[in-house]
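One structure is given below, encoded as structure tokens.
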Amino acid sequence: MATFESIYSMGHEQVVYFSDPSCNLKAIVAIHNTTLGPALGGTRMWNYATEEEALVDVLRLSKGMTYKAAVSGLNLGGGKGVIIGDPKTDKSEALFRSYGRFIESLNGRYITAEDVNVTVDDIENVYVETSNCVGVAKVHGGSGNPAPYTALGVFRGMEASLTKVFGKRSVRDRVVVLQGVGAVGFELGKLLDKGGAKIFFTDISESNIERFKEAIPSAEYVNPEEIFDIECDVHSPCALGASINDNTIGRLKTKIICGAANNQLAEDRHGDDLKNRNILYAPDYLINAGGLMNVSIEFEGWSDTKSRRMIDKIYDTSLAIFKISEDEDIAVHTATDRLARRRIESISKIKTSFLGNIGHRFPGRKNRQNFVH
Ligand code: NAD
């Protein structure tokens, strides 16, 4: 598809290509929608086979961020950055500082953070050149490791799902199956264990399996290929995307799917299929938004209390989405999109009033009382 056709059809406001041959920087930043605020989303570094692949990725990811911020109640728009290159060989201080200068030139329309293959150290280099980044080190006023906050959000989403299905919020004695016990799965496991859940888990990393066994001895390990066959109350995908697909959906013996992984449904039709099978699907991009909520408050001064207070609301928002899904007889993923779109539309329509003395904003111009926006 031609570039403008893609941008236009997906509704992006702006797509910017940055290049700096001195440090081999090739980056694309996509700003999808800034109705609610500056576009915030991480930067991913990936050895894309083609430029088109990089563009498709950044367009898709930035649009996802618009929906994620909107449904999470954040005053942020959606954006994302990609750097084309091999993270093992092409990273340098100069590359991330050059990228930071380009971000600075966007004048706050886009705020970046870590994403796949971009670490806190890389963002620290970006931060030398622009303050329009979050996820900086805690010693510099940042928010540190997002995993415990992402896990807390997933836990709140799980409580909402249990309330919806069983009429009781508690995880006590519920059987929960964790697919993946990496950064988020591990933290989620600890919350579930504390709440009294019975945990089955799987992973493919020996060290992560050992760490989990040590922290939660009562949890039972299951082979990765058997994880979809376990009878449970909650199946929690915390590894990769697209785990709910044609091969796995018929095997699930669960009432609820609720996990941290992004894009768990291989295709949208799998969300409709879950609804038909009477399996409640927790709104994925809302319940894994704890990490985004956590970095979003860096600008006003991060605190653990503020972060948790915000993330706790995932419980109520999830229930609101389940209600839309039921009232309008639509799948949960469709209801989540609908809620996000409704918020953006409603805010875009609020009355714009004259903002006061504009003289100081446009020095040298006379103030006009009948200023029309
Ligand atoms: P991670 O890499 O730390 O953990 C993923 C775990 O899944 C690893 O232990 C890995 O060995 C395991 N795994 C991979 N393939 C597997 C398979 N086939 N079967 C079983 N286990 C497998 O990642 P993370 O930060 O914990 O994130 C987990 C998911 O949540 C990802 O999809 C990520 O995009 C999403 N997410 C994470 C955050 C965050 O704050 N880290 C925020 C939002 C969404």
Side-chain angles (χ1 to χ4, degrees), residues 40-46 57 60-61 64-65 67-69 71-72 74 78 80 87 113-120 123 134-135 142-158 177-192 199-216 219-230 235-245 247-248 251 257-266 282-296 298 307-308 310-311 314:
L40 193 152
T43 296
R44 176 169 292 197
M45 187 164 185
W46 197 259
D57 210 25
R60 184 180 61 85
L61 294 166
M65 292 308 294
Y67 280 72
K68 191 168 186 161
V71 85
S72 304
L74 298 170
K80 203 89 183 179
E114 293 87 354
D115 197 73
V116 178
N117 295 327
V118 173
T119 65
V120 175
I123 291 299
V134 287
S143 53
N145 176 17
Y149 299 94
T150 302
L152 177 64
V154 176
F155 188 75
R156 294 286 175 252
M158 208 178 279
V177 166
L178 292 176
Q179 187 199 26
V181 288
V184 180
F186 178 59
E187 297 294 334
L188 180 59
K190 288 195 279 187
L191 292 173
L192 288 166
I199 303 171
F200 289 89
F201 76 101
T202 194
D203 204 293
I204 51 170
S205 148
E206 279 307 318
S207 57
N208 285 351
I209 293 170
E210 280 317 306
R211 179 178 66 163
F212 200 80
K213 277 185 181 163
E214 230 169 78
I216 308 170
E220 275 184 52
Y221 177 76
V222 183
N223 286 323
E225 58 281 5
E226 288 166 21
I227 202 73
F228 295 96
D229 304 316
I230 307 282
H235 173 89
S236 183
C238 294
L240 307 167
S243 66
I244 310 300
N245 54 47
N247 297 327
T248 58
R251 288 165 57 194
I257 294 177
C258 176
N262 282 312
N263 306 318
Q264 291 160 37
L265 304 174
D284 56 352
Y285 62 79
L286 167 70
I287 66 157
N288 74 17
L292 174 66
M293 292 176 170
N294 190 51
V295 290
S296 77
E298 276 186 27
S307 182
R308 284 175 191 277
M310 226 173 171
I311 293 168
I314 288 178

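Reckoned from all heavy atoms, side chains included, excluding hydrogens, waters and symmetry mates. Start at 1 and go down the list; that is how both ligands and their atoms are numbered.
- Taking every heavy atom of Thr150 and a limit of under 4.0 angstrom, the matching atoms of ligand 1 come to 38 (C), 39 (C), 40 (O), 42 (C), 43 (C).
- The ligand atoms of ligand 1 that sit less than 4.0 angstrom from a heavy atom of Leu240 are 15 (N).
- The residue among Asp115, Val116, Asp203 with a heavy atom at the shortest distance from atom 10 (C) of ligand 1 is Asp203.
- The shell of residues lying under 4.0 angstrom from ligand 1, judged by heavy atoms, includes Ser205.
- Summarising the geometry of Met293 relative to Ile314, their closest heavy-atom pair is CE-CG1, 3.8 Å, with the distance given to 0.1 Å.
- The option from Gly241, Ala239, Ala289 that lies nearest to atom 13 (N) of ligand 1, judged by heavy atoms, is Ala239.
- Distances between N or O atoms of Asn288 and those of ligand 1 include no value under 3.5 Å.
- Of the N and O atoms on the side chains of Asn262 and Asn288, at least one donor lies less than 3.5 Å from an acceptor on the other residue.
- For ligand 1, the polar-atom distance check finds an N/O of Asn262 within less than 3.5 Å of one of the ligand's N/O atoms.
- Comparing Gly180, Gly290, Cys238 against atom 5 (C) of ligand 1, the shortest heavy-atom distance belongs to Cys238.
- No hydrogens or angles considered: nothing links the side chains of Gln264 and Ser243 as a donor-acceptor pair under 3.5 Å.
- The shortest contact between atom 3 (O) of ligand 1 and any protein heavy atom is with Ala183 N, 2.9 Å.
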